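Remember, predicted model here, so these are calculated numbers, not experimental data.
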Amino acid sequence: MTVKMKLCPKERYNIKCPYGREPDRIVVHNTGSDAPAINEITYMINRDEEVSFHFAVDDIEAVQGLPLDRNAWASGDGLGPGNMGGIHIEICYSKSGGERFDRAENNAAELIAKLLRERGWGLDRVTKHQDYDRKNCPHRTLALGWERFLEMVKKYLGDDCMDYERFKEFMDRYNRELEGKAPSGWAGEAWGWAREKGLLDGSAPRGPLTREQAAMVLSRVLPREEKA
């Protein structure tokens with residue numbers, strides 16, 4: 001699948017994407033029509049209404065119509081998190097469905113996985129239009145099964161998928177494996193000195209050090225005038 005650019009002219013930003021922002025999620029839509037991606041983007045740009053989205057994806061390609069650092073008017077929540085935080089993706093051919101829609105949906109899953117990897121996001125960042133104003137959108141994707149679609153995205157993420165739950169599971173297992181282990185030989189003397197001085201509480205010598213724990217150690221080590 002290729003990704004083409006057909007960006008909205010800057011003189012139309014005031015209608016289509018007036019706000020600069022840093023995206024923090026992906027919002028999935030279905031177009032509700034049977035037009036290819038390039039037509040959807042062209043129509044979106046030329047309409048005078050405050051209706052806009054970042055990508056349209058069909059059975060052959062994805063076409064980007066807005067810069068990702070600008071908002072879009074797509075999820076019906078005004079200045080809410082959907083419009084202001086979302087990268088909005090319209091999946092084409094959802095009116096009639098069938099094989100063209102299936103391929104478009106598969107291409108959208110591939111595009112979403114690419115966007116997630118680029119930003120270090122997990123699957124939990126993928127949302128649907130319905131989450132913001134209860135509209136039945138993406139209608140055909142929802143009818144076929146939302147979890148099914150997320151599994152398609154996950155397939156393209158492969159082993160790179162690291163959402164919050166997977167990260168927490170990994171860290172819990174890691175900490176259990178370290179529990180009760182003595183400090184490494186090269187750190188034994190320093191560990192004993194730190195415990196004796198009350199700089200560390202003596203637990204989990206091989207465990208990770210959080211930034212708040214590091215701040216506490218520094219506050220105990222540095223003279224008051226240096227801390228000031």
Rounded to the nearest 0.5 Å, how far apart are [atom1] of [X] and [atom2] of [Y]?
{"X": "Glu40", "Y": "Ile91", "atom1": "CD", "atom2": "CD1", "answer": "12.0 Å"}
{"X": "Gln130", "Y": "Ser75", "atom1": "CD", "atom2": "OG", "answer": "12.5 Å"}
{"X": "Ile41", "Y": "Glu90", "atom1": "CD1", "atom2": "CD", "answer": "8.5 Å"}
{"X": "Asn30", "Y": "Tyr93", "atom1": "CG", "atom2": "OH", "answer": "13.5 Å"}
{"X": "Ser33", "Y": "Tyr43", "atom1": "OG", "atom2": "OH", "answer": "9.5 Å"}
{"X": "Glu147", "Y": "Lys154", "atom1": "CD", "atom2": "NZ", "answer": "10.0 Å"}

Is the closest side-chain donor-acceptor distance between [X] and [Y] under 3.5 Å?
{"X": "Tyr156", "Y": "Asn106", "value": "yes"}
{"X": "Tyr132", "Y": "Thr127", "value": "yes"}
{"X": "Asn83", "Y": "Asn71", "value": "no"}

Looking at [X] and [Y], what are the two nearest heavy atoms and their distance?
{"X": "Lys6", "Y": "Thr42", "value": "CE-OG1, 3.0 Å"}
{"X": "Lys4", "Y": "Glu61", "value": "CE-OE1, 2.9 Å"}
{"X": "Pro67", "Y": "Leu7", "value": "N-CD2, 4.0 Å"}
{"X": "Cys92", "Y": "Phe101", "value": "O-CD1, 3.3 Å"}
{"X": "Ala56", "Y": "Ala37", "value": "O-CB, 3.4 Å"}
{"X": "Ala74", "Y": "Ser52", "value": "CB-O, 3.2 Å"}

Any carboxylate oxygen within less than 4.0 angstrom of a Lys/Arg side-chain nitrogen, looking at [X] and [Y]?
{"X": "Lys155", "Y": "Glu151", "answer": "no"}
{"X": "Arg103", "Y": "Glu99", "answer": "yes"}
{"X": "Arg12", "Y": "Asp48", "answer": "yes"}

Is the closest side-chain heavy-atom distance between [X] and [Y] below 4.5 Å?
{"X": "Phe149", "Y": "Glu105", "answer": "yes"}
{"X": "Thr141", "Y": "Lys128", "answer": "no"}
{"X": "Lys181", "Y": "Pro205", "answer": "no"}
{"X": "Arg100", "Y": "Asp58", "answer": "no"}
{"X": "Leu111", "Y": "Phe55", "answer": "yes"}
{"X": "Trp146", "Y": "Val126", "answer": "yes"}
{"X": "Val57", "Y": "Met1", "answer": "yes"}
{"X": "Lys16", "Y": "Met44", "answer": "yes"}

Practice problem: Spell out, yes or no, whether Ile112 and Ile87 are grouped together once hydrophobic residues are joined by side-chain heavy atoms under 4.5 Å, including indirect joins. | Solution: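 Yes: a chain of side-chain contacts under 4.5 Å links Ile112 to Ile87.
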Quiz item: Taking only residues two or more places apart in sequence or in another chain, which ones pass side chain to side chain donor-acceptor pair (under 3.5 Å) with His129?
Solution: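 Checked His129 against side chain to side chain donor-acceptor pair (under 3.5 Å); matches are His29, Asp133.
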Within the supplied structure, the quantity of interest is the number of heavy atoms (other residues, nucleotides, ligands) at a distance under 6.0 Å from [X] [atom1]; does it exceed 12?
{"X": "Arg148", "atom1": "CZ", "answer": "yes"}
{"X": "Glu22", "atom1": "CD", "answer": "no"}
{"X": "Glu118", "atom1": "CD", "answer": "yes"}

Exercise. Please determine which of Val27, Val28, Leu66 meets the side-chain contact (heavy atoms from CB on, under 4.5 Å) test together with His88.
Key: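 Exactly one option meets the side-chain contact (heavy atoms from CB on, under 4.5 Å) with His88, and it is Val27.
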